[in-house]
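It should be emphasised that the depicted structure is a prediction, and the values quoted were computed from it without experimental measurement. Numbers restart at 1 for each chain; the letters A, B, ... are given by sequence-line order, proteins then strands.
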Amino acid sequence: MNKKQVIDVLNEIGLLLELKEELPFKARAYYNAARALELEDADIDELVSQNKLRQVKGIGEAIAKKITELVTTGHLEYYERLKKEVPPGLIEMLKIPGLGPKRIQTLYKKLGITTIGELEYACIENRLLELEGFGKRTQEKILKGIEYVKRYQGQFLYSDAKAAAEQLLIEIGDVIDGISVISIAGGIRRCKEITKDIDIVAASENQQEVIDAFVALPSVESIIASGDTKASVHLRSGINTDLRVVSNLQYPYALHHFTGSKEHNTAMRHRAKRMGIKINEYGLFKNEELIKCSDEHDFFKALGLQYIPPEIRENMGEIEAAEEGKLPDLLKSSDIKGIFHVHTAYSDGSATITDMVNAAFAKGYEYIGISDHSQSAFYAGGLKPEALMRQWREIDELNESLRARKVFKGIECDILLDGSLDYDDELLSKFDFVIASVHSHFNLSKEQMTARILRAIANPYVTMIGHVSGRLLLARQGYECDMDAIIEACIEYGVALELNANPHRLDLDWRYCGLAKSKGVKIVINPDAHNVDGLNDMEYGIGIARKGWLEAKDVLNSMNLDEIIAYLAAR
DNA sequence: GCCGTTTTCGGCCCGACTGTTTTCAGTCG
């Protein structure tokens, strides 16, 4: 059992304990242990075999014993017993806004409700009204919540949520007076690949008026909650939005607070407390006295920290690094000098090569790599060798007319079932670059899939591995593969890993960027564009790269044209 | 269940809003 699975089990035990109405702090202990494990660099097998679990802060005797059982036997008696005591539908119910462990427990005990379907039916029959602490409004709210969960699963792609949030800011700016400064906060500001709502923080000296105007906006479908300083609404677009309005003086603290993450905030508060400082959304307080900050830079400075960019506020080492002045100089859009992985009408793209090239150069890129699909990708109009010859002639002609710019000939080459590539080596050797990607047979075992990808990495003509996990966010789980082994192989063979910037993929996951970076694997941020607009997706890839602590030197396509020509020639 | 400049017991981050209460528990972020 790997680390990720152990973490999942610990978190689920926490949920189960809450649902069982155990002591709340016991549940929290399991969450803390899961989090501690997540932040721990050491290998889980090593921690267990060398008896080092107890040295991890947050893991005590009881949990260490459970983790050991889990890792050595793949099984945990305590967990299995808990699962038998709590129907799985109860965990599902936690997704319904307004329902937490306590109420779910009541519904289960008093009405015998074990699934969302049963709950919906019970609401329709007005059966919740007979319960103490429940009323008509609560029942209506739960019904609405069920509808929301069924309709959207309550989750949105970063790109969709960000677009909706920016649109909303424009609407607010047009309609609402008296706001001195406003910002998107929450997961969108942190560039999380998936988000469940929009968080907005605004500063105003007329808080109530701003709240009232906000909940009356045309794009607001219904109001979930509305108080003096805070409102929650369902937007017509289907996304929940929280607005928090504070005074001008409170704004920097509130912006930090509502940007999160929750884990980052908790760690910041613990740290501040040790310094004798209290943090809340209204300020930093030492002995009840406000420490004045005019922006977030001041805020971190007051706590003895470097400014921590929002993307990396996940309590994954950023606070410790900021303490030592060792935060990375995160990648910027302007660091990117060119792009690879662009499809054209030769395969499943919709634009001509000339259109894509012109659009890329208009964005200031020095080079663009064209990479249509290879011959086995029937579904995507993969290119037979004859079509490739035509494409190469077209690219050669284009290049003749260019100065200080270049179009590279590439391919997104399918990795076949056995790990071989979709053209012979003779043909592969003629490309400027080769992206090797898995597009079929997703259901292999982890071992088979890893071996398949490792074989592709070992091919001397492969420049980079495309969308390494194959995931489609909110739609398809990535296939199982051993990322540690893949990263090791990439170093050995000098192959780069793609960070696919398409908002449905954002694959390599940012959680692996640090590992790749520490091992010295180059990351290449690619748009995987299928039309001219697709080039704009680079923005999302760069955000995720920042989230993964990447700097310009870690990213292949931050090389300028001369450097990249030399790099590709040396491959 | 974990932890310790509050160290083997008694805490465990902090505050807004809602609904159902008549002073507060539950949920959320």
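Counting non-hydrogen atoms under 4.0 angstrom, A:Phe258 reaches nothing in the nucleic acid. Nucleic acid contact class of A:Lys65 (heavy atoms, under 4.0 Å, all strands): none. At a threshold of 4.0 angstrom between heavy atoms, the contacts of A:Thr229 are confined to the sugar-phosphate backbone, with no base atom among them. Nucleic acid contact for A:Asn265: none, since no nucleic acid atom lies under 4.0 Å from a heavy atom of the residue. Looking at heavy-atom distances under 4.0 Å, A:Ile96 makes contact with sugar-phosphate atoms alone, never a base. Here A:Arg244 lies in heavy-atom contact (under 4.0 Å) with sugar-phosphate atoms only.
Atom-to-atom, CZ of A:Arg190 to P of B:dG29 comes out at 12 Å; the value is rounded to the nearest Å. Atoms CD1 (A:Ile104) and C1' (B:dG26) sit 12 Å apart, rounded to a whole Å. Counting to the nearest Å, the P atom of B:dC12 and the OH atom of A:Tyr31 are 19 Å from each other. Between A:Arg189 atom CZ and B:dG29 atom P the separation is 19 Å, expressed in whole Å. B:dA16 atom P lies 20 Å from atom CD1 of A:Ile223, rounded to whole Å. Distance CZ (A:Arg28) to C1' (B:dG11): 11 Å, rounded to an integer number of Å. One interatomic measurement links the two molecules: CG of A:Asp228 to C1' of B:dG15, which rounds to 13 Å at whole-angstrom precision. With rounding to whole Å, A:Tyr282 atom OH is found 9 Å from B:dG15 atom P.
Look at the P atom in both B:dG1 and B:dT5: the space between them is 23 Å, to the nearest Å. B:dA25 and B:dT21 have their P atoms separated by 14 Å, given to the nearest Å. Rounded to whole Å, the separation between the C1' atoms of B:dC17 and B:dC12 comes to 24 Å. Rounded to the nearest Å, the gap between the C1' atom of B:dT6 and that of B:dG11 is 9 Å. Comparing B:dG15 with B:dG10, their C1' atoms are spaced 23 Å from each other, to the whole Å. Taking atom C1' on both B:dT18 and B:dT22, the two are 15 Å apart, rounded to the nearest angstrom. Comparing B:dG26 with B:dT20, their P atoms sit 14 Å apart, to the nearest whole Å. Between the C1' atoms of B:dT8 and B:dG4, the separation comes to 9 Å (whole Å).
Candidate nucleotides B:dG29, B:dT18, B:dC14 were compared by shortest atom distance to the side chain of A:Asn280, and B:dC14 ranks first. Residue A:Lys262 places its side chain closer to B:dG29 than to any other of B:dG1, B:dC17, B:dG29. Distances were taken from every side-chain heavy atom of A:Lys278 (C-beta onward) to each of B:dC14, B:dG26, B:dT18; the shortest belongs to B:dC14. The side chain of A:Ala225 lies closest to B:dT18, out of B:dC2, B:dT18, B:dG29. Each of B:dC14, B:dC2, B:dA16 was ranked by its minimum atom distance to the side chain of A:Ala29; first place goes to B:dC2.
The phosphate of B:dC28 (OP1 or OP2) has no side-chain N or O of A:Lys196 nearer than 4.0 angstrom. Residue A:Arg137 has a polar side-chain atom (N or O) positioned under 4.0 Å from OP1 or OP2 of B:dG19. In terms of phosphate contacts, A:Asn32 brings no side-chain nitrogen or oxygen within less than 4.0 Å of OP1 or OP2 of B:dC2.
Counted within 6.0 Å of CG on A:Asp174, heavy atoms from surrounding residues, nucleotides or ligands total more than 12; the atom is thus considered enclosed. Heavy-atom neighbours of A:Lys65 NZ from other residues, nucleotides or ligands within 6.0 Å: at or below the threshold of 12. Other residues, nucleotides and ligands contribute over 12 non-hydrogen atoms within 6.0 Å of the OH atom of A:Tyr479. Enclosure of atom CD in A:Glu61 is not indicated, since only 12 or fewer non-hydrogen atoms of other residues, nucleotides or ligands lie within 6.0 angstrom. The local environment of CD in A:Glu132 is sparse, with at most 12 non-hydrogen atoms from other residues, nucleotides or ligands closer than 6.0 Å. Within 6.0 Å of CD on A:Glu289 lie no more than 12 heavy atoms contributed by other residues, nucleotides or ligands. Applying the 6.0 Å contact sphere to CZ of A:Arg137 captures no more than 12 heavy atoms from other residues, nucleotides or ligands. Other residues, nucleotides and ligands contribute at most 12 non-hydrogen atoms within 6.0 Å of the OH atom of A:Tyr121.
Searching all strands for a Watson-Crick or G-U wobble partner of B:dT8 with both distances below 3.5 Å returns nothing.
Contact annotation: the side chain of A:Tyr108 never approaches that of A:Lys20 to less than 4.5 Å [non-hydrogen atoms, C-beta and beyond].
Ring orientation note: the planes of A:Tyr307 and A:His297 are close to parallel, at an angle under 30° on the 30°/60° scale.
Both stacking criteria are satisfied for A:Phe25 over the base of B:dC12: a centre-to-centre distance under 5.5 angstrom and an angle between ring planes under 30 degrees.
The shortest heavy-atom contact between A:Ile188 and A:Ala165 is CD1-CB, 4.0 Å.
A distance of 9.0 Å separates OG1 in A:Thr229 from CD in A:Gln250, rounded to the nearest 0.5 Å.
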Listing time: all N or O pairs from protein to nucleotides 3-7 of chain B that are below 3.5 Å?
{"from": "B:dC3", "atom 1": "OP1", "to": "A:Gly58", "atom 2": "N", "distance (Å)": "2.4"}

Strictly under 3.5 Å: I want the nitrogen or oxygen pairs between protein and nucleotides 8-10 of chain B, one per line.
none

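Heavy-atom distances to DNA chain B give each of A:Leu99 and A:Gly133 a nearest nucleotide, and the one nearer the 5′ end belongs to A:Gly133. Residues A:Lys26 and A:Thr138 each lie close to DNA chain B; by heavy-atom proximity, the contact nearer the 5' end of the strand is made by A:Lys26.
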